[in-house]
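As structure tokens, the structure follows; a few thoughts come after it.
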Amino acid sequence: MFADPKVPSSAGRDATGMCAATVEFRHVSKSYDRRDGPAAVDDLTFTVPAGSVCVLVGPSGCGKTTSLKMVNRLIEPTGGQILVDGTDVAGEEVTALRRRIGYVIQQVGLFPHRTVGENVTTVPRLLGWSREQQRERAEELLGLVGLDPARYRDRYPAQLSGGERQRVGVARALAADPPLMLMDEPFAAVDPIVRERLQNEFLRIQAELAKTILFVTHDIDEAIKMGDLVAVMQAGGHLAQFAPPDEILARPASDFVARFVGADRGLKRLSLSRIGALPLHQAVTAVAGEPVGDARQRSLADPFPFLLLIDRAGRPLGWLPDRDVPADGIVDERLAIPASPLLERETTLKDALSMMIAADVQAGIVVDPAGRVLGLLTMEALGAAGRAGAAGRAGAGAALRRAERRPAAARPPAAAP
Amino acid sequence: MIDWSWVADHLGVLAFRVLQHLELTAIAVGAGFVISFGLAIWSVRRRAVYPPIAALAGILYTIPSLAMFAALISVTGFSVLTAEIPLILYTLVILIRNIVAGFDGVPAEVVEAARGMGYTSWGRLWRVELPLAVPLIIAGLRLASVSTIGLVTITGVISDSFGGLGYFILTGYHLQFATEIYVGAVPSILLAVAVDVAFVRLQARLTPWAATRGVAAG
Amino acid sequence: MGRDARRGGRLMVLLDALAAWFADPAHWAGPNGIPTRLLEHVALSGISMLIAGAIALPLGLWIGHTGRGATVAINAANLGRAIPSLALIGLAAPITAAFDPQLGFRVYPTLIAMIVLALPPILVNASAGVSEVDRDLVEAARGMGMRERQVLARVEIPIALPVILAGLRSAGVQIVATLTLGAIFGGGGLGNYLVLGIAQNDVGQVFGGVVLVAALALLVEGGFALLGRALTPVPLRAAEGGEHRGRALEGRAAG
Ligand SMILES: Nc1ncnc2c1ncn2[C@@H]1O[C@H](COP(=O)(O)OP(=O)(O)OP(=O)(O)O)[C@@H](O)[C@H]1O
Ligand SMILES: [Mg+2]
């Protein structure tokens, strides 16, 4: 079912360079009391395609952890089946199964008596890799999670910060290049700033590795940010909705989901979309220090009441109110109001809105990577995009991943959900 | 194997020895508790004194009781002090550790809360910390009592006027008379187990919130 | 002033007697010589430790790992602790003597009592040490595909090692001290100096015995401390809590 785990490192991948498995829950149930007590997980059915991130989210006690642990059989289901790449996990030898599934928990669970390097290579050692292979792999993985191997390899977990420990935990789970990763609130124990950084790093790594990941959180914002697919669970272990994040926000399947995602779901949707290919308002520009020409007429004809001054390379310098634009002569940039905010194609709509509100302007300037003006993003356009969900529909994770994968290698894009 | 008629003839002596056993134990544990409580409180309030006290207690622990009794004979002769001083010293080792551990185990936030509510440091010690330390203190008393019951049997080595039930074991051995050995051995085991169980009950009753944990800590 | 002088005088007498006893070459040879008695003491202690360890260590580790039978084990251990060693020796003597009139009367009873004495601390510390290993760590180990044996050997035992060793150390020290009781029953070991010294009112011999036993006990204590230091993984070394707790639990059954 999986690539042969005895073969270390990249050799385990298939021809496309990917190493991911589909996961299928079929009517999975679990009740802890034998006598048909209240179910912790109730008739769970969904399929996670290979290479995508599925986030299980829901209030405390709704059965997320239980669902996750049934995949690597730390908990045995009382009903239904879980299939990984089409094979029922119940038929697998349990230790072999677990060695092929990466596992990260909130408390990290690094072994305090082993160095960072030894922790990372726990599973390779169980699989009998050679010392040399283990050392190489540790180095590769620490680099991948952004820890300098030379500095960190021989430290003990007690000598790490919380964020560093989480990174080591992720590296350890990735060690045998598992096609499937289970992550139970992996970033819950760190402060919001570190969490944000770890999330971004996770997305970057996932863009590179394209694993299948089941990710548990009780934070809906994290779910929306990280997931290609979101499974919203509800008390009693019911699946309330299973859909891509944008759809969860746009069309909550029930009152429960609507309440759970929150009243600000319109705003949350903006955070899922990037400016990307959104139609931009063509800015009326004039090059500073050059003859003004017909700039005044053009500017007055345009509904947007400002003229944008640019330099000779096309980079924005500042705004000039229409009525202050001279009818002739040279445009003087010293009269201009500073040209903020600057937006890029990758900026999320939520960030764009926030920056425009902060700057108290009706439009943001969208620039290309060289800083040249591409056009204006107006409040109206933003509102329209929010209502229609016009820009990229997929989760931010998937969008970012696609954006990053393209330059990295000519790999085929991840199977889109 | 057991000569029951001998047993029947010696019930009076048996009763005397049981009482003596309990008396020697009670004196040792009582005096030991008073001393260790004082030392423990001193240690809790003045941390610097604890390490030397603990170290001294640790060294005492390595001296065999037989040796200590023997050594004291040359100082205090065949008086009751020769029996009681080592018994008391051994209870100190157990009790001080447990009482200090009991106070140490009081959660810092509870102490903090008590301080915040305006308790004086002595008030806090008596009203807040002591009650919470009770389970470990009782556990210490239990260990001290049971081990003292065992040690009392050895005081018979000093002279026939001590030893409690140990007297029968020692004389029975010298006479190679199994019945007398058993008349000493079986009741002394029963005594130790009975006291142990009594303390478990007491512990459960005094600290209902820590019933199961108390047993484990013993 | 006068009292101090008298006390000092008594101490001098004691030290003189002690020095004289150690200096006498007769005490260094023969079946009651220091080397023989020391060797007997070490051998008997070692045998008791080995047997007790062989029983209590695997059992304690298994109980700690599975959580099964913990209550029974703790209660049994408490019972074992409550039994006075002297009583146990007395109890065993007539029975073992029936099998072997010589050793069965003089050595086996003490050996049995020492084993019973050593079982509780080893058992309790091994099971408590293992069961107190953070459950998250154990689950992480299982989740990565370790077999139960590997979980025990690679995670639980190394982390519980300070507590396990504290139990062994406590058992060792108690055995070395308590084994002296065997001499009352004609067994070998350093206790003979104490028993004979009391009988003959020989202060030098009594204190000679005391010094030897205490030195041996301290050696065992120190040896286990060094072993613990050597075997404890570096990052766990600062946590000496295991020792403190291990010792806080200990009583002295008799010795
Ligand atoms: N070992 C167990 N025995 C009995 N009931 C359990 C056990 N583990 C979990 N439960 C119950 O099953 C339900 C689901 O628990 P689970 O741990 O899966 O919740 P969760 O969604 O992960 O919650 P959280 O966000 O708080 O981690 C809860 O009601 C819980 O009380
Ligand atoms: Mg959970």
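Note on naming: letters A, B, ... go to the chains in the order of the sequence lines (proteins, then strands), and numbering restarts at 1 for each one.
Heavy atoms closer than 4.5 Å to chain B are found in the side chain of C:I198, but not in its backbone. Looking at B:V93, neither its backbone nor its side chain comes within 4.5 Å of chain C, counting heavy atoms on both sides. Heavy atoms of B:I73 lying under 4.5 Å from chain C belong exclusively to its side chain. Looking at B:L170, only its side chain comes within 4.5 Å of chain C, counting heavy atoms on both sides.
Residues satisfying the ring pair (Phe, Tyr, Trp, His ring centres under 6.0 Å) test with C:H27, not counting sequence neighbours, are C:W21.
Donor-acceptor pairing under 3.5 Å is lacking for the side chains of B:T25 and B:T148.
Using a 4.0 Å cut-off between charged nitrogen and carboxylate oxygen, B:R201 and B:D196 do not count as a salt-bridge pair.
Between chain B and the residues C:I89, C:L218, C:L194, the most heavy-atom pairs under 4.5 angstrom are made by C:L194. Of the listed residues (B:P187, B:A71, B:G172, B:S145), the one with the most heavy-atom contacts under 4.5 Å to chain C is B:A71. Interface check for chain B: of the options C:V220, C:L79, C:I184, the most heavy-atom pairs under 4.5 Å are formed by C:I184.
Ring to ring, B:Y50 and B:W42 are not that close: their centroids are 6.0 angstrom or more apart.
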Enumerate donor-acceptor pairs with a distance under 3.5 Å from any side-chain N or O in residues 200-209 of chain C to protein atoms, sequence neighbours excluded.
from: C:D202; atom 1: OD1; to: C:G204; atom 2: N; distance (Å): 3.2
from: C:D202; atom 1: OD1; to: C:Q205; atom 2: N; distance (Å): 3.1

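Remark: B:R17 is positioned above the aromatic ring of B:Y167, its terminal NZ or CZ atom under 6.0 angstrom from the ring centre and at most 45 degrees off the axis.
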